[in-house]
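Working notes, structure below.
Heavy-atom basis, side chains included; hydrogens, waters and symmetry copies ignored. Chain letters run A, B, ... following the sequence lines, proteins first and then strands; every chain starts at 1.
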Amino acid sequence: MIGLLDCNNFYVSCERVFDPTIAKKSVVVLSNQDGCVIARSNEAKALGIEMGVPFFQIRALTKVEDIAVYSSNYALYGDMSSRVVETVRAIVPEVEVYSIDEQFLDFDTAHRRNAADTGQEVRTKVGQHTGIPTGLGIARTKTLAKIANRIAKKSLTHGGIYVLDHPQQIESMLALIAVSDLWGIGRRYAKKLGKYNVNTALDLYRCPESFVQQQMTVVGLRLWHELHGRPCLPLEQISKPKKNICTSRSFQQVQTDLPPLREAIATHANRCAQKLRAQGSAANYVQVFVQTNKHCPEQQYANSFTWTLPVSSNDSRLLIRYALQALERIFQPGYHYQKCGVIVSGLVPENAHQLSLFEPGTLGHTSGGQTPAEKGLQLMQVVDTLNDRYGRDKVQLGAMMSTKETASWRMQQNFLSPQYTTRFKDIPIAWCV
DNA sequence: TCTGGGGTCCTAGGACCC
DNA sequence: TCTGGGGTCCTAGGACCC
């Protein structure tokens with residue numbers, strides 16, 4: 001049996017753990033730039049606040065209804081997520097961390113009592129150790145576990161846990177679920193299936209296999225088998241290294257000049273390099289993109305440029321250099337830029353990268369010393385160690401740093417909670433920087 | 001008139017997830 | 001005035017190989 005453990009209203013719950021005064025209040029958490037609502041307490045949902053609604057549309061309501069509003073605090077949520085996973089693993093070792101607030105649990109290899117009892121123990125311990133409430137669905141496949149989890153959360157009578165196993169029980173539950181609510185059915189497929197009068201999960205369950213394959217390819221076929229209790233999606237305990245890494249942000253205010261864009265791109269390129277080093281990868285391609293605000297009626301512009309690096313790299317200095325050259329190629333004066341970003345791709349293991357024939361030091365000069373690439377890697381390791389200990393970007397490159405004139409691109413976070421679990425990193429080490 | 005039979009790699013576009 | 005930021009997989013078609 002497979003379990004899906006899902007943290008209830010995760011970001012809201014994290015904020016509540018450290019501020020009990022909002023335990024009973026309506027709470028919302030906003031996306032970056034305080035743009036959209038991305039998490040809501042049950043009370044906020046009851047007020048009709050939808051997922052993804054722009055904040056400005058509900059700002060008045062938050063005043064009237066005395067709703068607590070938070071900017072997203074990913075340092076806090078990431079840390080709390082790790083604590084939840086740690087607690088779960090102590091009871092059920094075979095775990096797939098699916099997202100920041102969801103894990104799949106393999107109850108079969110846990111060699112425990114029945115899944116429901118073990119699951120209840122997991123929920124209790126997570127609550128005790130972290131203060132985060134959870135819902136748990138248990139079934140024979142991941143897709144059915146997702147459904148069971150929905151039932152566990154929606155229905156108060158099941159106390160946050162639900163086991164979905166008997167065929168008749170599965171069919172009667174599938175009849176109550178819209179096909180669009182299935183894991184793997186998005187807007188497009190829901191619309192397409194609707195044309196064939198396939199509206200509930202049970203309708204899809206009863207479709208012929210050939211129809212599903214024809215209309216939804218092999219992805220849909222897997223979903224269909226999973227609904228019938230035949231696992232097609234294995235538990236993936238070891239997270240695979242990412243194949244692309246992207247860092248992008250909207251600006252606090254639209255930007256028209258090159259200098260603040262250079263600063264933003266340098267900052268994003270550095271973050272990409274950090275993420276690469278964290279997973280032990282190096283990139284072969286660096287892509288930079290810029291875009292204007294598509295919600296505005298004014299003249300639009302969006303463009304990107306991709307460099308192929310001479311050697312694969314995760315050196316912040318090299319990635320910044322290429323990223324800035326890419327920016328120079330696509331920057332056009334006269335536009336109101338709203339967003340920019342850096343994508344690195346063609347990722348390879350950092351220790352297996354292909355040396356360039358022309359890279360200095362790679363031919364005939366390596367006997368006694370290190371190549372520049374090796375030296376660079378060491379330097380980056382030192383920087384990472386310092387920043388890990390003293391806080392993000394305590395040591396940084398000049399290209400990332402702002403002057404008074406260029407700082408207006410940086411993020412808006414008007415409702416940020418304290419770094420409750422990582423606060424010591426805020427202690428400045430100014431003289432070291 | 002007829003015009004083989006395999007492959008690989010890359011990219012763009014479409015679909016989905018949180 | 002104000003509208004997030006990441007990712008994955010699959011398929012079709014084109015270029016190219018022997």
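The CH2 atom of A/Trp183 sits 14 Å away from the C1' atom of C/dG7 (whole-angstrom rounding). The nearest whole Å value for the distance from the OH atom in A/Tyr74 to the P atom in C/dG7 is 13 Å. Atom-to-atom, CD1 of A/Ile58 to C1' of C/dC2 comes out at 12 Å; the value is rounded to the nearest Å. In this structure, the CD1 atom of A/Ile38 is 11 Å from the P atom of C/dG4, given to the nearest Å.
When each of C/dC2, C/dG5, C/dT3 is scored by its nearest atom to the side-chain atoms of A/Cys296, the top-ranked nucleotide is C/dC2. With B/dC16, C/dC2, B/dC18 as the choices, the nucleotide that has an atom nearest any side-chain atom of A/Asp101 turns out to be B/dC18. Closest approach to the A/Tyr98 side chain among C/dC9, B/dC18, C/dG4 is made by B/dC18 (side chain taken as heavy atoms from C-beta onward). Of all nucleotides listed (C/dG4, B/dC18, B/dC16), B/dC16 comes nearest to the side chain of A/Tyr189. Which of C/dG5, B/dC18, C/dC2 sits closest to the side chain of A/Ser99 comes down to B/dC18.
Side-chain contact check for A/Val27 versus A/Arg40: every heavy-atom pair is 4.5 Å or farther apart. The shortest distance between side-chain heavy atoms of A/Gln279 and A/Lys242 falls below 4.5 Å. Residues A/Leu233 and A/Thr141 are not in side-chain contact: their nearest non-hydrogen atoms beyond the backbone lie 4.5 Å or more apart.
The shortest distance between the side-chain N/O atoms of A/Arg222 and the OP1/OP2 oxygens of C/dC10 is below 4.0 Å.
Exactly one residue among A/Asp384, A/Asp315, A/Asn314 makes a side chain to side chain donor-acceptor pair (under 3.5 Å) with A/Arg277. That residue is A/Asp384.
Residue contacts shown for A/Lys192 are absent, as no nucleic acid heavy atom lies under 4.0 Å away. At the heavy-atom level, A/Lys191 lies nowhere under 4.0 Å from the strands shown. Looking at heavy-atom distances under 4.0 Å, A/Arg271 makes no contact with the nucleic acid at all.
Contact check on A/Glu43 versus A/Lys24 returns no salt bridge, with no Lys/Arg side-chain nitrogen under 4.0 Å from an Asp/Glu carboxylate oxygen.
Summary of the strand contacts: A/Asn293 and A/Val218 both lie near DNA chain C, and taking for each the nucleotide with the nearest heavy atom, the more 5' one is attributed to A/Asn293.
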Quiz item: Dot-bracket for DNA chain C: what is it, with Watson-Crick or G-U pairs under 3.5 Å, [ ] where a pair crosses earlier ones, and | for a pair to another strand?
Solution: ....||||||||||||||
